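Here is the structure we will look at.
Below, chain A is the first sequence line, B the second, and so on; all start at residue 1. Values in this document were obtained by computation on a predicted structure and should not be read as measured data.
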Protein chains: 2
Amino acid sequence: MVKNEKDQSAEERILMAAKKVFVTRGLSGARMQDIADEAGINKALLHYYFRNKEKLFETIFAELFTGLFPRLRNIFESDLPLFDKIERFCSEYIDYMLQNPHAPIFVLNEIHQRPEWFVKKALRGGIVNLDKLIQQITSEIKAGRIISINPIQLIMHMLSLCIFPFIGKPMLASVMEIGEETFLALMEARKKEVPKFIIGSIKK
Amino acid sequence: MVKNEKDQSAEERILMAAKKVFVTRGLSGARMQDIADEAGINKALLHYYFRNKEKLFETIFAELFTGLFPRLRNIFESDLPLFDKIERFCSEYIDYMLQNPHAPIFVLNEIHQRPEWFVKKALRGGIVNLDKLIQQITSEIKAGRIISINPIQLIMHMLSLCIFPFIGKPMLASVMEIGEETFLALMEARKKEVPKFIIGSIKK
DNA sequence: GTCTATATTCCGATAGAC
DNA sequence: GTCTATCGGAATATAGAC
């Protein structure tokens, strides 16, 4: 536990603590004891509020997943012109991850380790519909405003350029010898840099 | 255990089994019993060949990490012209991951969960030296052959575009409804697609 | 609601026969 | 080298007092 424990209800402190511990250690690496310590309460209280470890985990996962992916809908399914859509997507997405830098690797790793569970438990509520975006890309190609490209590949480019740096951060930090402030500055710059890079490549 | 157990020594079968289990479940999620079962041997034998779980893990991690990153050196530190270097990097890197599709998320997740351990245990033998590549990019900019761009950002673009699809695969597969064959075809195409995309953006 | 104490399950590791 | 059996600790979960 860090500070201001009495500022929030026990339940809120548990959620904050659980988020921190799960996100850094993963489901199987997290210890209920660590979460209790971090929240400044007793282990038994975790079971009082959330029945068991799995339920607590699902709560945290759902929150982070919702922040990461369904957020795409608002942008992808909007009526913006393609280039504006790309700019807005990159900027908002990187902004979200600057506030939750551990979310991407945590979420993607848990999906990787239990894809079946993910499909059954976390994917309720529908998936992101890419049809509109794909069609938009296709018609820009037909109109001759952008080069010919497989829309799926282009979407993968966008996601890759925005998300990967946060996943690779610990590795990049040690391998490339990049410190925390440098990293933040690079990510801040990427909000403009990435859309410029993408549009620079596809614009005719 | 799957088949042909008698084709290899116990040690080799253990390594194959451990790789499979560690890579899908991570260090904390992997069970020695599962590895033993997968290898078709007894749990005690794991401790006979490798002293404990951590040592076995380190062996597997080192193998995968070596395959992933030091491989960069041969390309990054070579004397190829920049565009050739980019093409070769993307092609070889994606090829490696097509053969070890789980390696990136496994390696990056373990580094994320224990960055200190990584720096102490796995980073011996030096790091990738990016000076040459950075200088090469800088001089291409000065020569007016490519647009002005922060070399670090460009290198991040390259890594992102090659690695991320493998990390996001389980999520992309369910969210975008992409099957196994489709995914493989997309990755195969990316070996040409990504360098084309990059060069298309930076070439003057 | 919150705690202490304890039950219970699980898992890494070892002992020791063959 | 390979096995069976078991130990001992760790971690989740529950019982029950306050």
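Using a 4.0 Å cut-off between charged nitrogen and carboxylate oxygen, A:Asp37 and A:Lys43 do not count as a salt-bridge pair. Between B:Lys132 and B:Asp79, at least one side-chain N (NZ, or NE/NH1/NH2) sits under 4.0 Å from a carboxylate O, which counts as a salt bridge.
Residue A:Tyr49 contributes atom OH, which lies 20 Å from atom P of D:dT12 at whole-angstrom precision. Atom CD1 of B:Ile14 is separated from atom C1' of D:dC3 by 13 Å (rounded to the nearest Å). Protein atom CZ of A:Phe50 is 16 Å distant from nucleotide atom P of D:dT12, rounded to whole Å. Atom C1' of nucleotide C:dC18 and atom CG of B:Leu45 are separated by 14 Å, given to the nearest angstrom. Distance CG (A:Leu46) to P (C:dG1): 15 Å, rounded to an integer number of Å. Rounded to whole Å, the distance from NZ on A:Lys55 to P on D:dT12 is 16 Å. Per the geometry, NZ belonging to B:Lys53 stands 17 Å off C1' belonging to C:dT14, to the nearest Å. As a whole-Å value, the separation of B:Gln33 CD from C:dT9 P is 18 Å.
When each of D:dG1, D:dA15, D:dT12 is scored by its nearest atom to the side-chain atoms of A:Met32, the top-ranked nucleotide is D:dT12. Of the candidates C:dC3, D:dC3, C:dG12, the closest approach to any side-chain atom of B:Ala44 belongs to D:dC3.
For D:dA13, neither phosphate oxygen OP1 nor OP2 lies less than 4.0 angstrom from any side-chain nitrogen or oxygen of A:Tyr48. Put simply, A:Arg31 has a side-chain N or O that comes within less than 4.0 Å of OP1 or OP2 on D:dT12. For the OP1/OP2 pair of D:dT14 and a distance below 4.0 Å, the side-chain nitrogens and oxygens of A:His47 include no atom meeting the criterion.
Contacts of A:Asn52 with the nucleic acid, taken as non-hydrogen atoms under 4.0 Å apart, involve only primed sugar atoms and P, OP1 or OP2.
Residue-to-nucleotide proximity on DNA chain D shows that, of B:Lys43 and B:Glu11, the 5′-proximal contact is made by B:Glu11.
The six-membered or imidazole ring of B:Phe22 lies near that of B:Phe57, with a centre-to-centre distance under 6.0 Å.
Between B:Phe197 and A:Phe197, the ring planes are perpendicular. Angles over 60° get that label, and only those under 30° would be called parallel.
Within the 3.5 Å criterion, the main-chain N or O of A:Lys55 finds a donor-acceptor partner in the side chain of A:Asn52.
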